[in-house]
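Reviewing the structure listed below.
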Amino acid sequence: MSLVDVLTEAGHYLQSIPYFPLLHSIHCYATAASLRSQPGAVEFAHDHPLASLAGTLLIVNAGGVLGALTLGTPLIGPFVSPLNTFTAVIFWWLVFFGPADVFFNLYKIQPLQYVMMGARETRRCKKILDSVTAAAAVYPGQLIPMVLVGALGGCSGKFLQTTEESLRKGSSDLSRGEFIQISFVTKASLAIATLYTLVKSDIISLSIPHALLVCSLSLATVNLAMNLAGLPDPFHPISQVAWRV
């Protein structure tokens, strides 16, 4: 078997991995733990559990919510699966109210975080691909909508964090919002969505499985390097050049 065959098979395998149960469970777990790490989140969850749960469900399903807004589909769509919603509720409870904080402390173990990071970035790349495909069906041949909708599939949680913060604090600091301080995740989602769009439009000669494999490995590797070795945002030099122009 040649290297190309191996890469093709690996790409097809990634494409065939279902979201539920593994990828979705890891996403729910990491999202709840990340939200709990915010100042005042624990106190807010104990005083206002329904509002805390609503904020967590909103971030967990952020891609589906903003995707529905941009594609004109029902907003309730991301919540129709009882299994997906129940899984998010369970992980929210375990992280915020679990006995002896076992699940939250477990999440703090760095090697486990790095393993989950790989799974989350794979999920992100798959979600971006699904969003580009959905946008192509609604806006056929329109590259910009495909890129924008695709990017939202990977970084919607960043944009809805201010909404969750508003629920938790009663107000939010817009100066730290994603539109003001664009994160690496958003930049990477835009870049990956652009690649998928160009591949789907036959502008770049590359198969979808190969593109998915390259993006998943690259995103996971860069994220690990940023966390382990303190690698700076690789998009920062590009941003600086773009602003000067």
Side-chain angles (χ1 to χ4, degrees), residues 19-21 23-98 103-104 107 116-117 119-121 123-128 130-131 134-135 148-186 188-190 193:
Y19 290 110
F20 189 87
L23 295 181
H24 180 67
S25 297
I26 290 175
H27 173 61
C28 292
Y29 184 17
T31 299
S34 176
L35 291 175
R36 178 182 161 148
S37 301
Q38 302 301 314
V42 177
E43 294 79 6
F44 179 76
H46 283 78
D47 293 339
H48 309 283
L50 286 181
S52 172
L53 175 59
T56 302
L57 290 176
L58 180 65
I59 300 300
V60 166
N61 295 287
V65 171
L66 292 188
L69 280 172
T70 54
L71 297 175
T73 57
L75 287 176
I76 199 66
F79 305 94
V80 297
S81 170
L83 276 177
N84 286 351
T85 302
F86 183 68
T87 301
V89 172
I90 288 297
F91 276 104
W92 166 80
W93 184 86
L94 288 173
V95 168
F96 281 91
F97 298 96
F103 278 84
F104 182 61
Y107 178 77
M116 290 195 294
M117 183 184 297
R120 292 193 78 192
E121 300 313 333
R123 177 189 179 276
R124 191 187 313 279
C125 291
K126 285 168 64 68
K127 282 290 186 180
I128 296 172
D130 290 346
S131 299
L148 294 180
V149 174
L152 284 176
C155 63
S156 293
K158 294 291 184 181
F159 287 95
L160 291 185
Q161 276 183 348
T162 51
T163 303
E164 186 276 333
E165 188 177 331
S166 296
L167 282 173
R168 179 162 37 88
K169 295 182 177 179
S171 63
S172 61
D173 185 1
L174 295 180
S175 65
R176 295 187 295 108
E178 194 65 17
F179 282 109
I180 305 300
Q181 297 182 10
I182 302 176
S183 66
F184 165 74
V185 168
T186 297
S189 296
L190 275 169

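By convention here, the first residue in the shown sequence is residue 1.
- Listed here is the closest heavy atom pair of G153 and I128: C-CG1, 4.3 Å.
- Across A68 and L75, no two heavy atoms sit closer than the pair CB-CD2, 3.9 Å.
- Remark: L152 CG to L190 CG distance equals 8.5 Å, nearest 0.5 Å.
- T186 and C155 get closest at one heavy-atom pair: OG1-CB, 3.6 Å.
- The two residues Y29 and F103 make their nearest non-hydrogen contact at OH-O, 2.5 Å.
- Between the OG atom in S189 and the CZ atom in F184 there is a gap of 8.5 Å [rounded to 0.5 Å].
- Within the model, atoms CZ of R124 and OG of S156 stand 10.0 Å from one another, a figure rounded to the nearest 0.5 Å.
- The number of heavy-atom neighbours closer than 6.0 Å to CZ of F104, taken from other residues, nucleotides and ligands shown, is above 12.
- Within the 4.5 Å cutoff, side-chain heavy atoms of K127 are placed close to those of Y19.
- Legend: side chain to side chain donor-acceptor pair (under 3.5 Å) pairs involving residues 32-41, not counting sequence neighbours, sorted by first then second residue: R36-D101.
- The side-chain heavy atoms of H24 and T87, taken from C-beta on, include a pair separated by under 4.5 Å.
- Residues F86 and I90 are in side-chain contact: their nearest non-hydrogen atoms beyond the backbone lie under 4.5 Å apart.
- Heavy-atom minimum distance, A45 versus F96: CB-CD2, 3.5 Å.
- The line from CG of L94 to SG of C28 is 11.0 Å long, rounded to the nearest 0.5 Å.
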Test log, rule ring-ring contact (aromatic ring centres under 6.0 Å, His included), inputs F97 and H46: CA-CA 8 Å; F97 298 96; H46 283 78; 4.7 Å; yes

If you look only at distance, which donor and acceptor atoms sit under 3.5 Å apart when one is on a side chain in residues 52-67 and the other is two or more places apart or in another chain?
| from | atom 1 | to | atom 2 | distance (Å) |
| --- | --- | --- | --- | --- |
| S52 | OG | W92 | NE1 | 3.0 |
| T56 | OG1 | S52 | O | 3.0 |
| N61 | ND2 | L57 | O | 2.9 |

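- To the nearest 0.5 angstrom, C125 atom SG is 11.5 Å from D130 atom CG.
- With rounding to the nearest 0.5 Å, the separation of CE in M117 from CZ in R120 is 9.0 Å.
- Between R123 and L23, the shortest heavy-atom contact is CD-O, 3.8 Å.
- In terms of the side chain to side chain contact (heavy atoms under 4.5 Å, CB included) criterion, residue partners of S81 (sequence neighbours excluded) are, by chain and number, L83, N84.
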